[in-house]
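The structure displayed is predicted, hence computed values, not measured ones.
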Amino acid sequence: MTDAMIIWILIAVYGVLMLLTSLSKAAVPLTKFFVFLGSFALIFATVIGIFHRGKLFAFILTLVGFVFVSTGAFIQGRQTTFHWLHHFVRGIMEVVVLVLLFIFLKL
């Protein structure tokens, strides 16, 4: 497996986990909307990145998916008692994944 393929698989797993989060009963409606859109963007970006080799479009779609998921997490965190450190660390991990994907795709 190539390095980029491993990163695409991790992004797909993250998208599926976020999809399950959006279907949670604890999520507020606006969070569900943003996380649902973001998770489908991540899953769709993975399909494009693996099968169609649309590197730039898949990278941009991944970026959009991360923005939607982070926005949903921010909204959820503002309305509940989620830990802010968790969201901060998750945001850093998303940026690290984007940088690694950019390096391995050599855009």
Verify same cluster id: [X], [Y] (apolar side-chain graph, 4.5 Å):
X	Y	value
L63	I43	no
F34	V64	yes
I6	V16	no
V35	V67	no
F51	F40	no

Distance check, rounded to the nearest 0.5 Å: [X] atom [atom1] versus [Y] atom [atom2]?
X	Y	atom1	atom2	result
I50	I11	CD1	CD1	9.0 Å
T71	F33	OG1	CZ	11.0 Å
F57	F44	CZ	CZ	6.0 Å
L10	Y14	CG	OH	12.0 Å
L42	F66	CG	CZ	5.5 Å

Shortest non-hydrogen separation from [X] to [Y] and the atoms involved:
X	Y	value
I48	A58	CG2-CB, 3.9 Å
W8	T46	O-CG2, 3.2 Å
M18	V69	SD-CG1, 3.5 Å
T62	A45	OG1-CB, 3.4 Å

Donor-acceptor under 3.5 Å (S39 side chain, F36 main chain) |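 Pair found, side chain donor or acceptor close to backbone of F36.
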